[in-house]
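See below for the structure under consideration.
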Number of protein chains: 4
Amino acid sequence: MDAPHGPRPGRPRSERVRLAVLEAAADRLIEGGLAAASIEAVAARAGVSKVTIYRWWPSRGALAIDAYFHRYRQTNEFEDTGDLARDLSTQIAALVTAFRGRAGGVMAELIGQAQSDPTLGDVLRSRWLAPRRQATAAVLRRAAERGEIREDLDLDTVMDQLYAPIYYRLAMGHAPLDDGLAQRVVQGVLDGIRRR
Amino acid sequence: MDAPHGPRPGRPRSERVRLAVLEAAADRLIEGGLAAASIEAVAARAGVSKVTIYRWWPSRGALAIDAYFHRYRQTNEFEDTGDLARDLSTQIAALVTAFRGRAGGVMAELIGQAQSDPTLGDVLRSRWLAPRRQATAAVLRRAAERGEIREDLDLDTVMDQLYAPIYYRLAMGHAPLDDGLAQRVVQGVLDGIRRR
Amino acid sequence: MDAPHGPRPGRPRSERVRLAVLEAAADRLIEGGLAAASIEAVAARAGVSKVTIYRWWPSRGALAIDAYFHRYRQTNEFEDTGDLARDLSTQIAALVTAFRGRAGGVMAELIGQAQSDPTLGDVLRSRWLAPRRQATAAVLRRAAERGEIREDLDLDTVMDQLYAPIYYRLAMGHAPLDDGLAQRVVQGVLDGIRRR
Amino acid sequence: MDAPHGPRPGRPRSERVRLAVLEAAADRLIEGGLAAASIEAVAARAGVSKVTIYRWWPSRGALAIDAYFHRYRQTNEFEDTGDLARDLSTQIAALVTAFRGRAGGVMAELIGQAQSDPTLGDVLRSRWLAPRRQATAAVLRRAAERGEIREDLDLDTVMDQLYAPIYYRLAMGHAPLDDGLAQRVVQGVLDGIRRR
DNA sequence: AAGTAATCGAGACGGTACGTCCGGTCTTCCT
DNA sequence: AGGAAGACCGGACGTACCGTCTCGATTACTT
């Protein structure tokens, strides 16, 4: 897929331009949301021609999500200390904290945009959701092996129960992403899945 | 605010026009999503002038949500049979069923749009979320009074646990809104909150 | 065609805008030729939106020719003094003089553009050529009636002989539109068509 | 200018490429006029890089005219049989015939383009007009020596009278380039310049 | 054989203009 | 006052060419 083809013919893509576009897009995104990250505006801000952006990103959403990941390329480590409640709380609290900042609004808009842009949905699922869910699933599996939680669980459903409330509040805004949220959610889920 | 002014001066608002607009908007919404329900397009389809729409609806989102409720004005009854698990399952299964059809896509787009349109968020919360949550809260309260579930619960958190997975799947599309979903979710939540 | 329809519904067309566009287009046309009279540039200069221009003029050429006639709306009178040689010379000399100024370059470009824009050709023929040829034909007909020139002439060919050299020099630029040109051309033609 | 430099260093220009470009340009020119003969399109069609074209031709017009001459490299012989009327008619009729075909439209567009491209005008005059006018002038001069026409004539004006009507009709399109045109024009001119 | 020099294909890039869509606002007349 | 019709500005869209640029590969002539 990305095997080093050796030097391809033609002028190579300018890394300078790639970065300028991503930075400009991230800036606009944070300043004024997705609406402000129009191709036109990003091109102007980055000092780059529109065509160049269109050559590399198929849509505003695709660019926005690249810019988002570029700006918020987080470590995304998931410690496995053996204390399931603590590990899950830590991980989810980190998500809550991130979403409380500007990144939350941007992510909410990206999810919103994905409703009318299937490609964007794909990217979101594969680059954002999937890694987090895989890490979480691993932790849960090990907890099951340790006998801490039941073994007959549908992990996908469990993870929905863990993550959904965060995204739900983010998207609907009916309640804040408060400090205790992560803890409460994890507690509620564990109450249901713990071995008795 | 809505005191009966008695017959106000001037030409009264045309009910015919109101309906034509809502029907046209709903049609476009279903055919092509929010993007297709532009004020321009709806006006053309309804045979109505743009200004008339602007007079009565502040934005595309506001119009869309009105059209949504106009088309899918559902009964939204919530039976309280005394069997908590059944009542909750019934209610949530109804939501899942509704979201599986075209209404789901539209609702997803409306939630998406609300991310950049605070007014739309308000309407969504007050006219869509709130009634459902109030009915659900009443049922839960009565179950607590009957001693079926713990009394120290934060009902808001419980309702998040009940509803969030549905919206989460709707919005992220990482997993289908399958038939057993409602039952599984309710089961999971009850496992955690039932009196032991 | 332009019967007074009575007051048509809707906001009436703004005369201010119409004039601003024509003046701006004429300015650009004279400053930098057809190339400078881009819709974009004219809109900017006139303080008018592009869409407004597109609503009223189908193409750059159509706008340019309107602007040309707006700026150079000449009297186009053709005196018939009874002295054929003088009348023709006067008329053609006026054309030569006009074409020697900036109007010449613009007209040349318009004719050029008409080669790839049939609509523009139509306008040019009906609004520019036809009136001049009709007036000239009338003068020639009266001269024939007076017995000054032969009566068996194909007037269209005669008029081609009169006008063609002017446009030929304008378009090809192989020789100047000098002062004596009109006189020489008329003399040459009359030598051939005068009654002997 | 084109002295044989002897073998210059470096890779010699590829004749294959030169021909491919000219053929491609001529094709596009005939299919869709000057507009279709964009450098971009010609390069694509010829399987040649844009830069290569830019290296050898300064502009679209220059390329177009080269392509025109390449495709329509005509013999351009001018017989001098001693019969002036016939010789002129033959020559001009050949021009009319050529212009009636596709070459006419192309030539018209080239003349049009020359209005905003001085270089193109130069090429048109030196490579197209001049040779024809020189041959015609020679014929006329010999006729004057034979005493067939007046000797005090300004040959440039006479040639304008001969050729202008053809180009005039080509450019303005107000009348067709019909069969008798050449004959009529020559007759008209000779009527005026013949010795009496 | 190594070096030098030009040609060529491929393709990235900034820029200008294109013609279109939609959002909002406005003006006018009609009901 | 409500409503239809439609003109208007502004902003963005996605596309077409322009002319320039950076590469690597090729093809000759010159030491």
Handout entry: Which residues share a side-chain hydrogen bond (donor to acceptor under 3.5 Å, both in side chains) with B/Arg18, sequence neighbours left out
Key = B/Glu15
Practice task
Only counting residues at least two apart or in another chain, list the ones meeting side-chain hydrogen bond (donor to acceptor under 3.5 Å, both in side chains) with D/Arg13.
Solution key: none
Completion exercise
With sequence neighbours left out, the residues meeting salt bridge (Lys or Arg N to Asp or Glu O under 4.0 Å) with C/Arg127 are C/Asp66
Exercise for the section: With sequence neighbours left out, write down each residue that passes salt bridge (Lys or Arg N to Asp or Glu O under 4.0 Å) with D/Arg11, or none if nothing qualifies. Expected result: none
Fill in the blank from the handout: Residues at least two apart in sequence or cross-chain that pass side chain to side chain contact (heavy atoms under 4.5 Å, CB included) with D/Val48, listed by chain then number, are D/Val17, D/Val21, D/Ala46, D/Thr52, D/Ile53
Practice task
Please name all residues satisfying side chain to side chain contact (heavy atoms under 4.5 Å, CB included) with C/Arg55, sequence neighbours left out, ordered by chain then number.
Solution key: C/Val51
Exercise for the section: Would you grab the first and last nucleotide of DNA chain E (5' to 3') that comes under 4.0 Å of any non-hydrogen atom in chain D? Expected result: E/dA5 to E/dG11
Handout entry: Sequence-distant partners of A/Thr119, side chain to side chain contact (heavy atoms under 4.5 Å, CB included), two or more places apart
Key = A/Asp117
Handout entry: salt bridge (Lys or Arg N to Asp or Glu O under 4.0 Å) partners for B/Arg125, two or more places apart
Key = B/Asp122
Handout entry: Polar side-chain contact D/Arg11-F/dA28 base: donor and acceptor under 3.5 Å
Key = no
Completion exercise
For A/Glu23, the side-chain hydrogen bond (donor to acceptor under 3.5 Å, both in side chains) test, sequence neighbours excluded, returns A/His70, A/Arg71
Practice task
Describe, in one word, how the ring planes of B/Trp128 and B/Tyr68 are oriented to each other, choosing from parallel (under 30°), tilted (30 to 60°) and perpendicular (over 60°).
Solution key: perpendicular
Practice task
Give me the residues of residues 46-67 of chain D where at least one heavy atom lies under 4.0 Å from an atom of DNA chain E, by number, or none.
Solution key: D/Gly47, D/Val48, D/Ser49, D/Val51, D/Thr52, D/Arg55, D/Trp56
Exercise for the section: Check each residue of residues 13-44 of chain D for a non-hydrogen atom within less than 4.0 Å of any atom in DNA chain E, then write out the ones that pass by number, or none. Expected result: D/Arg13, D/Ser14, D/Val17
